[in-house]
Structure formats: C-alpha cells, structure tokens
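Right, one structure below, let's go through it.
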Amino acid sequence: QVRLVESGGGLVQPGGSLRLSCVVSGIIFSYYDMGWYRQAPGKQRELVANIGRSGNTDYAEFVKGRFTISRDNAKNTVYLQMSSLKPEDTAAYYCNKFPNTGWGQGTQVTVSS
C-alpha cells in the first residue's frame, strides 16, 4: 500500500520561500516519476511540477522560475522548493506518483501579508 506524507507548509508573506517534503513508502520509489500538485478552495487539483526517475523535470507555466522539484531516492523523498511566493500560490499541496495512487493528507501553504 502506497503511503504519501507531505510536510513543510505554513503561512508565509508574499515573496517568501518554503520547502515542501513528501516521504513515500510502499513502493520502490526510484522506479516512479513523481509530481507535486495543488488544490485551492473551489478549484480543481492541478499539477505543479514533476520529476522523472532520471531526474528530468517539468513545471507548470505559473511556477516556472520560482519553484524547483527534486528527489532523494535514498530517502524516498520528493521536495518542492518554492520561492517568490504569491498569494495565488495559496493551496493545499500534495505529492503523488505517476500513475496516480490514493492521495495523502497534503500540506497547506498560505501566502498572505
């Protein structure tokens, strides 16, 4: 059974930074592409960034140049470094593998002054 545990969210001022972590268990982590998603109230969940097994990355246009996804296969962990945060980045953030499995509890990011 796949387990996804996200952490690192919080309240941050516009322009600030946060690093999210997602620890994955129940799968051979290095075998899977991984992604970070977010869901704001009243909106659909959307893909923010993804990282392949070989470390190749891709980003949604709205976070390019501000967010960086990375992974540590030895720690079964995927990270999302977020900088230059904007109020519109406020959402619950989730990680998942490709193809998607069940979702974790997510971690809330709130960008507000």
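Since the model is a prediction, treat every value here as computed from it, not as a measurement.
A pairwise comparison of heavy atoms in Ser17 and Gln81 identifies CB-NE2, 4.1 Å as the closest pair. In terms of heavy atoms, Ser113 sits closest to Pro14 at N-CD, 3.7 Å. Across every non-hydrogen atom of Gly102 and Leu4, the tightest pair is O-CD1, 3.3 Å. Closest non-hydrogen pair, Leu47 versus Phe98, comes out as CD1-CZ, 4.0 Å. Between Phe29 and Asp72, the shortest heavy-atom distance links the atoms CE2-O, 3.9 Å.
Annotation: side chain to side chain contact (heavy atoms under 4.5 Å, CB included) contacts of Asp58 (sequence neighbours excluded): Asn50. With sequence neighbours left out, Tyr93 forms a side chain to side chain donor-acceptor pair (under 3.5 Å) with Arg38. Partners of Asn76 according to the side chain to side chain donor-acceptor pair (under 3.5 Å) rule, which considers only residues two or more places apart in sequence or in another chain, do not exist here. Take Lys64 and apply the side chain to side chain contact (heavy atoms under 4.5 Å, CB included) test, not counting sequence neighbours, and it matches Tyr59, Glu61. Listed by chain and residue number, Asn56 satisfy the side chain to side chain donor-acceptor pair (under 3.5 Å) test with Ser54 (two or more places apart in sequence, or in another chain). Applying the ring-ring contact (aromatic ring centres under 6.0 Å, His included) test to Tyr37 and every residue at least two apart in sequence or in another chain returns Trp103. Residues passing the side chain to side chain contact (heavy atoms under 4.5 Å, CB included) test with Thr77 are Ser21, Val23, Lys75, Tyr79, sequence neighbours excluded. Under the rule for a side chain to side chain contact (heavy atoms under 4.5 Å, CB included), the partners of Arg53 that lie at least two apart in sequence or sit in another chain are Asp33.
Between the side chain of Thr90 and the main chain of Thr110, no donor-acceptor pair closer than 3.5 Å is present. Side-chain N or O atoms of Lys86 include none that pairs as donor or acceptor with a backbone N or O of Glu88 at under 3.5 Å. A donor-acceptor pair under 3.5 Å is formed between the side chain of Gln105 and the backbone N or O of Glu6.
Each of Leu18, Thr57, Leu20, Val48 was compared with Phe67 under the side-chain contact (heavy atoms from CB on, under 4.5 Å) criterion, and only Val48 meets it. A side-chain contact (heavy atoms from CB on, under 4.5 Å) with Tyr32 is found for exactly one of Ile27, Thr101, Val78, namely Ile27.
For the pair Val111 and Gln13, the minimum side-chain heavy-atom distance is 4.5 Å or more. With contacts defined as side-chain heavy-atom distances shorter than 4.5 Å, the pair Gln44/Gln39 does not qualify. A 4.5 Å side-chain heavy-atom check between Thr68 and Leu80 finds every atom pair outside the cut-off.
Sorted by first then second residue, the disulfide (SG to SG under 2.5 Å) pairs that include residues 20-79, not counting sequence neighbours, are Cys22-Cys95. Applying the disulfide (SG to SG under 2.5 Å) definition to pairs two or more places apart or across chains, none involves residues 31-72. The stretch residues 55-89 participates, sequence neighbours left out, in no disulfide (SG to SG under 2.5 Å) pair at all. Sorted by first and then second residue, the disulfide (SG to SG under 2.5 Å) pairs with a member in residues 59-89 form an empty list; sequence neighbours excluded.
Linking ILVMFWY residues whenever their side-chain heavy atoms come closer than 4.5 Å, directly or via other members, leaves Val24 and Val5 in distinct clusters. Tracing side-chain contacts under 4.5 Å through hydrophobic residues (I, L, V, M, F, W, Y), one never reaches Trp36 starting from Tyr94; they form parts of separate clusters.
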Between Met34 and Arg71, does a side chain to side chain contact (heavy atoms under 4.5 Å, CB included) hold up when you go through it step by step?
-> CA-CA 9 Å; Met34 295 295 300; Arg71 66 191 296 160; 4.1 Å; yes
